[in-house]
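Before any comments, here is the structure.
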Amino acid sequence: MGVRIQEAPFDAQAEADALREGDFDVGAVVTFTGTVRDVNDGDAVGTLTLEHYPGMTEKALEAIVDEARERFDVRRILVIHRVGTLAPGDPIVLVAVTGAHRGEAFDACRFVMDYLKTRAPFWKKERTPSGDRWVDARASDDEAARRWGGDSSADGP
Amino acid sequence: MGVRIQEAPFDAQAEADALREGDFDVGAVVTFTGTVRDVNDGDAVGTLTLEHYPGMTEKALEAIVDEARERFDVRRILVIHRVGTLAPGDPIVLVAVTGAHRGEAFDACRFVMDYLKTRAPFWKKERTPSGDRWVDARASDDEAARRWGGDSSADGP
Amino acid sequence: MRGSPDLATSVVKLVFLARLREALGTSHERFAVAGPTTVGAIRAALIERGGAWSAELANGRAVRVAVNHELATGTTAVAPGDEVAFLPPVTGG
Amino acid sequence: MRGSPDLATSVVKLVFLARLREALGTSHERFAVAGPTTVGAIRAALIERGGAWSAELANGRAVRVAVNHELATGTTAVAPGDEVAFLPPVTGG
């Protein structure tokens, strides 16, 4: 279990292997890797720059992982999120979850991603042929997070 | 996209990387790895031997993948299932799905696993301190597959 | 098996998998048929053998049957040359 | 900023992230406060500066505020020494 924010690439397999190392009660390992697409909202994307809010972002990710562990019967959860400048095809984020059974592991992994998308302080700026632009938040991400039935007061006034 | 049955171990990361190789419309990669637990139904498990029905098993897996591609908007799906004798901690099965967005990729990966558990001809035999035993099918797996709303006539009479 | 020249087309290949293979003591057999038949008729003939056969294949036991690698029901047609497999509930993944 | 000896405790650190940082032309500032205040009061003071400040921070704009790294609302208390951050909607993952 852990949370890491880094510029460097990650090796999803090595991370997942380390997560279940020596834990023979694990029957299910679910990983989600988010990658940079070369098109967003119809425009070609050259590079993507990810910014975070040091201090708060780590706390937010840890709170999300804690909530996932409270809601789901899983063994370990790892979140790695990259910052800095990335190119299409590059991995951005890894969420890995181990558990005794697959249902809870799938749920926990998806829950962490849905909450990360709406609650973790990261911001993306795209370089496109028509200039740089900050990516807009998606209504579909808010919907995905709401589906877990948590309170939405974190949205503030 | 593909289906493989093999005795050899697999490298989940290399497989997932190959699956999204050159496909820059991929924003989400979901993997599920099933591993051998050292305890099942309260008994210590020494080794696990997996048997399949050559010919039918490949067809069943391909049908499951086809159905997942029909139901969900994803890019590629890979299923690797091992047979032969495995030890606790060993990976048994890999399902990897790439897609533009995470929701459909999560759904497709979970769908394939739920259907594989109830429809793909594989059988597990456990070696325990009290002898060898065939693993019983789980009612929870039937429930998981039913949640997708497919017909259950494949269960036969 | 009969000694007729159409031997190859007057038998069905039966396959028994996993727990069934062990309980019945055989992985496959050539099963003589007079012509087109059904899964249910073959299963009934096997049950008539008694012993493990009737215990393992009795109606109500969780056995699935596949004809030529496709899941079948009791009324599914079986022709000479087909492969009919008896499968315990699957437990892969 | 006042010249009093308790300077360190009479200011709040404001932080502006991502699109807000660019629109406002600054990543942070030391903001003088007379004593305990609220997120809403600080935001109102910034809006009064006009220009990009009022355009970006106006009520109704999708801006979240965090106090000491915890998401806050308009009525959340702010004390001297606190860090108050203004965040656009998040888009990570």
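By convention in this document, chain letters (A, B, ...) are assigned in the order of the sequence lines, proteins followed by strands, and residues within each chain are numbered from 1. Worth saying up front: this structure is predicted, and the values here are computed from it rather than measured.
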Would you name the heavy atoms of A:G89 and B:R20 that are closest together and state the gap between them? O-NH1, 2.6 Å
Interface check, chain A: of B:C109, B:A144, B:A16, B:A105, most non-hydrogen pairs under 4.5 Å belong to B:C109
Can you tell me how the ring of A:F106 sits relative to the ring of B:F106, calling it parallel under 30°, perpendicular over 60° and tilted otherwise? perpendicular
Heavy atoms only, distances under 4.5 angstrom: which of A:V26, A:V39, A:V45 has the most pairs with chain B? Name it, please. A:V26
Can you tell me which of A:M113, A:E21, A:K117, A:H101 forms the most heavy-atom pairs within a distance under 4.5 Å of chain B? A:K117
Count the heavy atoms belonging to other residues, nucleotides or ligands that lie under 6.0 Å from CZ of A:R127, then report whether that count exceeds 12. no
How about B:Q13 and A:T31: do any of their side-chain heavy atoms sit closer than 4.5 Å? no
What part of B:R102 is in contact with chain A, defined as an atom under 4.5 angstrom from a non-hydrogen atom: side chain, backbone, both or neither? both
In terms of side-chain geometry, is the basic nitrogen of A:R37 or B:D23 positioned less than 4.0 Å from the acidic oxygen of its partner? no
Chain A contact via B:A12 - which portion, at a heavy-atom distance below 4.5 Å: both
Given heavy-atom pairs under 4.5 angstrom as the criterion, report whether the side chain, backbone, both or neither of B:A100 touches chain A. both
Closest contact, heavy atoms only, B:F32 versus A:G27: CZ-O, 4.4 Å
Toward chain A, the part of B:N40 with a non-hydrogen atom under 4.5 Å: neither
So which heavy atom on B:V29 is nearest to which on A:T35, and how close? CG2-CG2, 4.5 Å
Measuring heavy-atom distances to chain B, does A:V36 have an atom under 4.5 Å in its side chain, in its backbone, in both, or in neither? backbone
For B:V30, is it the side chain, the backbone, both or neither that has a heavy atom under 4.5 Å from a heavy atom of chain A? both
